[in-house]
Amino acid sequence: MNPSAPSSRAALAGPVSFGPITFVPGRKGGRYPYCHSLVVEQGAETWVVDPAADKDYFRELACTRRVTGVFLSHFHEDHQKYNHLFPQATFYGPLLEEGAFSSLEAVFRFMGITDPDFRDYWRRTLIQDFHFRPPAQFTPYFPGQLFQLGEVILEIIPAPGHTPGHSCFHFPRQQVLFLADVDLTPFGPWYGDAASDLAAFEATLNDLKAFPARTFLTAHEQGIFSEAEFRTGLAAFHRVIAQREARLLEALDSPKSLARLVDRHLIYGKVKHPQFVYDHMEGQMVAKHLDRLLRQGLIARTPAGFQRLP
């Protein structure tokens, strides 16, 4: 879940093709609970990447094309919203998250949801709003694996941090990289699951700096970036982490508990609803910064809470 500020660029009017790869804009400008998707068509077969853009588009696709493969960048619900429209396809997802595609208990573990009421709420949400159901055919993929459909090669690029198995999809012959939730939005990186890893996310961003592609596609908001736009956008996206940390250090001029820091909305900037969901994610993101600042010796844990050191 990564709601963020609206993009400065106008929403795309319709699908955009890059040879055999079609970028399908998500509803609401690709903002949660939707995301931008890809469709790869070669002869009689079609692949879909993260099918959560537009129900009408995918319903028509399911009726008119033979979709044999659905590639999922990670387990988050806003990337799987229309999985159920392709019951005959083989689904591919990261090996590190294999359990979360078939088990809500595994989803809860990744997210860090332990409260029974929260679990009940999220179970209802995933089943009713996102049509969660284990795919009949699921095959895990691993970093560096190659898949081929006609002239199209899809290469799995590991991009952990957002989730443990989060992956980008590289199409080397078209010089296209689908960045998934390295989405370059003004909100910045999202690492609000228990299994998210702040250090891994920063390493991913550093690794992507020199990635050899001409076109960069994201799962949310602007969606399509030239190489120059990508370089600029990636740097700005990365800076958000340091900006959040600076706000946190400023707030720790006096001792504060994690609960008090969550009430300051240092990540989301304001109260968002349902509040218990956003407070949970805010708390897990702030906690990752606190852990890092403790290890760096920049703050201390006191009986009254966390405090910045002189």
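Numbering starts at 1 and runs along the sequence shown. Here the structure is a predicted model, which is why all the values come from computation and not from measurement.
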Report task. For E98 and Y141, test the side chains for any donor-to-acceptor distance below 3.5 angstrom and give the result as yes or no. Result -> no
Query raised in the report: Would a distance-only check, ignoring hydrogens and angles, find a side-chain to backbone donor-acceptor pair under 3.5 Å from S17 to G19?
Result: no
Report task. Would you please test D56 and R27 for salt bridge (charged side-chain N to carboxylate O under 4.0 Å, His left out) and show each step? Result -> CA-CA 11 Å; D56 294 337; R27 293 188 179 184; 3.1 Å; yes
Query raised in the report: I153 and V70: same hydrophobic cluster, using ILVMFWY side-chain contacts below 4.5 Å?
Result: no
Report task. With side chain to side chain contact (heavy atoms under 4.5 Å, CB included) as the test, would you mind laying out the steps for H84 and F132 before giving the verdict? Result -> CA-CA 8 Å; H84 64 287; F132 178 88; over 6 Å; no
Query - Ring geometry between Y32 and F130 (parallel below 30°, tilted from 30 to 60°, perpendicular above 60°) - result: tilted
Requested in this report: Give a yes or no on whether the ring-centroid distance for H273 and Y278 is below 6.0 angstrom.
Outcome: no
**Report entry** Salt-bridge contact R109-E105 (side-chain N to carboxylate O under 4.0 Å)
**Finding:** no
Query - Smallest separation among heavy atoms of G144 and P158, with atom names - result: N-CD, 4.4 Å
Query raised in the report: So, Q42 side chain and A44 main chain: donor-acceptor pair closer than 3.5 Å or not?
Result: no
Query - Check: Q222 side chain, T185 main-chain N or O, donor-acceptor pair, under 3.5 Å - result: no
Requested in this report: Flag the pair F118 / F108 as yes when at least one side-chain heavy-atom distance between them is below 4.5 Å, and no otherwise.
Outcome: no
Query raised in the report: Taking atom CD of Q284 and atom CD1 of I267, what is their separation to the nearest 0.5 Å?
Result: 12.0 Å
Report task. Measure from the side-chain N and O atoms of H79 to the backbone N and O of E77, and report whether any donor-acceptor pair falls under 3.5 Å. Result -> no
Query - Side-chain heavy atoms of L61 within contact of V24, under 4.5 Å - result: no
Query raised in the report: Hey, are E250 and R308 close enough for a salt bridge, meaning a charged N less than 4.0 Å from a carboxylate O?
Result: no
Report task. Considering non-hydrogen atoms only, spot the tightest contact between A159 and C168 and give its length. Result -> CB-SG, 3.7 Å
Query raised in the report: Does a donor on one side chain sit under 3.5 Å from an acceptor on the other, for D181 and H74?
Result: yes
Query raised in the report: Taking the six-membered ring for Trp, is the centroid-to-centroid distance between F187 and Y268 below 6.0 Å?
Result: yes
Report task. Might you confirm whether atom CD of Q88 has over 12 heavy atoms from other residues, nucleotides or ligands at distances under 6.0 Å? Result -> no
Query raised in the report: Going by distance alone, is a donor N or O of one side chain under 3.5 Å from an acceptor N or O of the other, for T22 and E41?
Result: no
**Report entry** NZ/NE/NH1/NH2 to OD/OE distance under 4.0 Å, E245 and R292
**Finding:** yes
Query raised in the report: Are the aromatic rings of F101 and F91 close, with centres under 6.0 Å apart?
Result: no
Query raised in the report: Does a side chain donor of either S37 or D50 reach within less than 3.5 Å of an acceptor in the other side chain?
Result: no
Query raised in the report: Of all heavy-atom pairs between A180 and S167, which one has the smallest distance, and what is that distance?
Result: CB-O, 3.8 Å
Query - Nearest heavy-atom neighbours spanning R65 and E45 - result: NH2-O, 3.5 Å
Query raised in the report: Are F71 and L96 connected, step by step, through hydrophobic side chains (Ile, Leu, Val, Met, Phe, Trp, Tyr) whose heavy atoms are closer than 4.5 Å?
Result: no
Query - Heavy-atom donor-acceptor pair, S196 side chain to T163 backbone, under 3.5 Å - result: no
Query - Proximity of H76 and H162 rings by center, below 6.0 Å - result: yes
Report task. Decide, yes or no, whether a salt bridge links R173 with E151 under the criterion of side-chain N to carboxylate O below 4.0 Å. Result -> no
Query raised in the report: Mind checking whether I113 and V286 sit in one hydrophobic cluster, side chains of I, L, V, M, F, W, Y counted as touching below 4.5 Å?
Result: yes
**Report entry** Nearest atoms (heavy-atom pairs only) where G112 meets A194
**Finding:** CA-CB, 3.5 Å
Query raised in the report: Does the separation of the ring centres of F230 and F225 fall below 6.0 angstrom?
Result: no
**Report entry** Rounded distance [0.5 Å steps], CG in D115 versus NE2 in H280
**Finding:** 10.0 Å
Query raised in the report: With a 3.5 Å cut-off and no angle check, do the side chains of T302 and Q307 form a donor-acceptor pair?
Result: no
Query raised in the report: Could you give the distance from NE2 (H238) to CD1 (I241), rounded to the nearest 0.5 Å?
Result: 4.5 Å
Query raised in the report: Is the F138-Y92 ring centre distance short of 6.0 angstrom?
Result: no
Report task. Report the distance from atom CZ of F75 to atom CD of Q80, rounding to the nearest 0.5 Å. Result -> 9.0 Å
Report task. Give the C-alpha distance, both sets of side-chain angles, the deciding distance and a yes or no for salt bridge (charged side-chain N to carboxylate O under 4.0 Å, His left out) between R123 and D120. Result -> CA-CA 5 Å; R123 182 179 290 106; D120 287 344; 3.1 Å; yes
Report task. State plainly whether the residues D193 and K288 are in salt-bridge range, i.e. N to O under 4.0 Å. Result -> no
Query raised in the report: Which pairs, with at least one residue in residues 289-310 and sequence neighbours excluded, count as a ring-ring contact (aromatic ring centres under 6.0 Å, His included)?
Result: Y191-H289
Requested in this report: Give a yes or no on whether the backbone of L179 and the side-chain of D183 come within a donor-acceptor separation of less than 3.5 Å.
Outcome: no
Query raised in the report: Would you say the side-chain atoms of Q137 pair up with the backbone N or O of T90, donor to acceptor, closer than 3.5 Å?
Result: no
Query - Side-chain donor-acceptor contact under 3.5 Å, H220 with D78 - result: yes
**Report entry** Short side-chain to backbone donor-acceptor contact, R214 and E227, under 3.5 Å
**Finding:** no
Query raised in the report: Under 3.5 Å, side chain of T204 to main-chain N/O of A200, donor-acceptor pair present?
Result: yes
